[in-house]
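We name chains A, B, ... by the order of the sequence lines, and we start the count at 1 in each one.
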2 protein chains.
Amino acid sequence: MKSDPAQNEEIAGRLAALSHPARLAILNHLSRFEGCGCGDVVDSLPLAQSTVSQHLKVLLEAGLITHERRMPRSTYRLNREALRSVSRELNSMIDECCAANCCTSKHD
Amino acid sequence: MKSDPAQNEEIAGRLAALSHPARLAILNHLSRFEGCGCGDVVDSLPLAQSTVSQHLKVLLEAGLITHERRMPRSTYRLNREALRSVSRELNSMIDECCAANCCTSKHD
DNA sequence: TGATTTCATCGTAGATCGACGATATACGAT
DNA sequence: ATCGTATATCGTCGATCTACGATGAAATCA
């Protein structure tokens with residue numbers, strides 16, 4: 001129930017990976033076209049190939065997607081388990097915040 | 001069910017407010033000590049007063065906390081409704097991603 | 001072999017973030 | 001009126017983010 005700095009850091013990191021519209025759009029695209037390559041994603045967004053590749057890297061490093069580098073076409077897939085896990089973590093953190101019947105009101 | 005760019009932008013914005021360990025710690029603190037002022041938060045974190053004030057502003061602008069500017073001590077409170085709403089939004093977005101039985105696999 | 005396709009990475013420029021100290025503001029108390 | 005406390009805002013600096021074009025590597029195709 002304590003606010004663990006390390007845990008905050010971890011959750012914040014995962015949320016950071018999610019906090020960019022392009023990355024959300026990429027996740028959305030991957031959810032509809034399982035196993036598509038970088039180029040497919042590029043076609044679905046108004047961004048340069050290198051930019052999309054960067055965003056994919058961010059998502060990959062956050063563990064939210066997986067990567068199969070089978071040239072020439074590499075495939076990206078959602079890591080649904082990880083996504084659900086982030087969602088659950090945020091949920092429980094917020095639940096704790098909301099449930100906490102603030103034992104002590106410091107001033108009032 | 002479409003990936004709406006505007007909606008992505010909005011969710012991403014809220015998540016961005018949450019994606020910093022100090023801000024999570026602040027929310028946590030506020031959940032335990034309802035209605036405390038900036039100084040109280042400062043005492044609970046290894047950050048300068050101006051920095052904490054900044055973070056509070058970010059949370060405020062994201063609508064995740066409320067502010068009652070009753071000088072000399074202003075009070076910040078969690079906006080539990082907004083927090084739950086963010087959590088729910090992320091949840092449903094991820095649910096959609098996970099549920100989507102990717103109709104078409106572009107290549108395989 | 002050489003050309004093409006697909007993708008990752010590098011280098012870079014501009015924008016934004018995160019932190020701080022210093023300063024300004026608002027108010028209560030003396 | 002002045003002082004002290006609590007807080008917000010400003011200015012700044014370094015670090016990180018976001019975007020791009022250019023380049024490099026890997027595999028397939030001609």
Give a yes/no answer on whether the side chain of A:His55 brings an N or O atom under 4.0 Å of OP1 or OP2 in D:dA19.
-> yes
Test side-chain contact (heavy atoms from CB on, under 4.5 Å) applied to [X] - qualifying residues, sequence neighbours left out:
{"X": "A:Thr66", "result": "A:Arg77, A:Asn79"}
{"X": "A:Glu9", "result": "B:Pro21"}
{"X": "B:Glu10", "result": "B:Arg14"}

So, using side chain to side chain donor-acceptor pair (under 3.5 Å) as the criterion, who are the partners of [X] when residues are at least two apart?
{"X": "A:Ser87", "result": "B:Asn91"}
{"X": "A:Glu68", "result": "A:Arg70"}
{"X": "A:Glu61", "result": "none"}

Send over the distance from [X] [atom1] to [N] [atom2], rounded to a whole Å.
{"X": "B:Leu47", "N": "C:dG21", "atom1": "CG", "atom2": "C1'", "result": "14 Å"}
{"X": "B:Glu61", "N": "D:dT9", "atom1": "CD", "atom2": "C1'", "result": "12 Å"}
{"X": "B:Leu60", "N": "D:dT9", "atom1": "CG", "atom2": "C1'", "result": "14 Å"}
{"X": "B:Glu68", "N": "D:dT7", "atom1": "CD", "atom2": "P", "result": "13 Å"}

Salt bridge (charged side-chain N to carboxylate O under 4.0 Å, His left out): pairs with one or both residues in residues 44-60 of chain A, sequence neighbours excluded |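 Not a single pair qualifies under salt bridge (charged side-chain N to carboxylate O under 4.0 Å, His left out).
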Test salt bridge (charged side-chain N to carboxylate O under 4.0 Å, His left out) applied to A:Arg84 - qualifying residues, sequence neighbours left out = none
Here the ring pair (Phe, Tyr, Trp, His ring centres under 6.0 Å) pairs for residues 39-65 of chain A, sequence neighbours left out, are A:His20-A:His55
Can you sort out which residues in residues 14-26 of chain A have a heavy atom within less than 4.0 Å of DNA chain C? Ascending by number, please.
->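 None, since no heavy atom is under 4.0 Å.
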Quick one: do B:Glu81 and B:Arg88 satisfy salt bridge (Lys or Arg N to Asp or Glu O under 4.0 Å)? Show the steps, please.
-> CA-CA 10 Å; B:Glu81 203 42 59; B:Arg88 248 182 286 123; 3.5 Å; yes
Going by an N to O cut-off under 4.0 Å, is there a salt bridge joining B:Asp40 and B:Arg73?
-> yes
Identify each atom pair where a protein N or O and an N or O of nucleotides 10-16 of chain D are less than 3.5 Å apart, giving names and distance.
none

Quick one: which protein N/O atoms are closer than 3.5 Å to N/O atoms of nucleotides 5-7 of chain C? Pair and distance per line, please.
unit_1: C:dT6; atom_1: O3'; unit_2: A:Pro72; atom_2: O; d: 3.4
unit_1: C:dC7; atom_1: OP1; unit_2: A:Cys38; atom_2: N; d: 3.3
unit_1: C:dC7; atom_1: OP2; unit_2: A:Gly39; atom_2: N; d: 2.7
unit_1: C:dC7; atom_1: O3'; unit_2: A:Ser74; atom_2: OG; d: 3.2

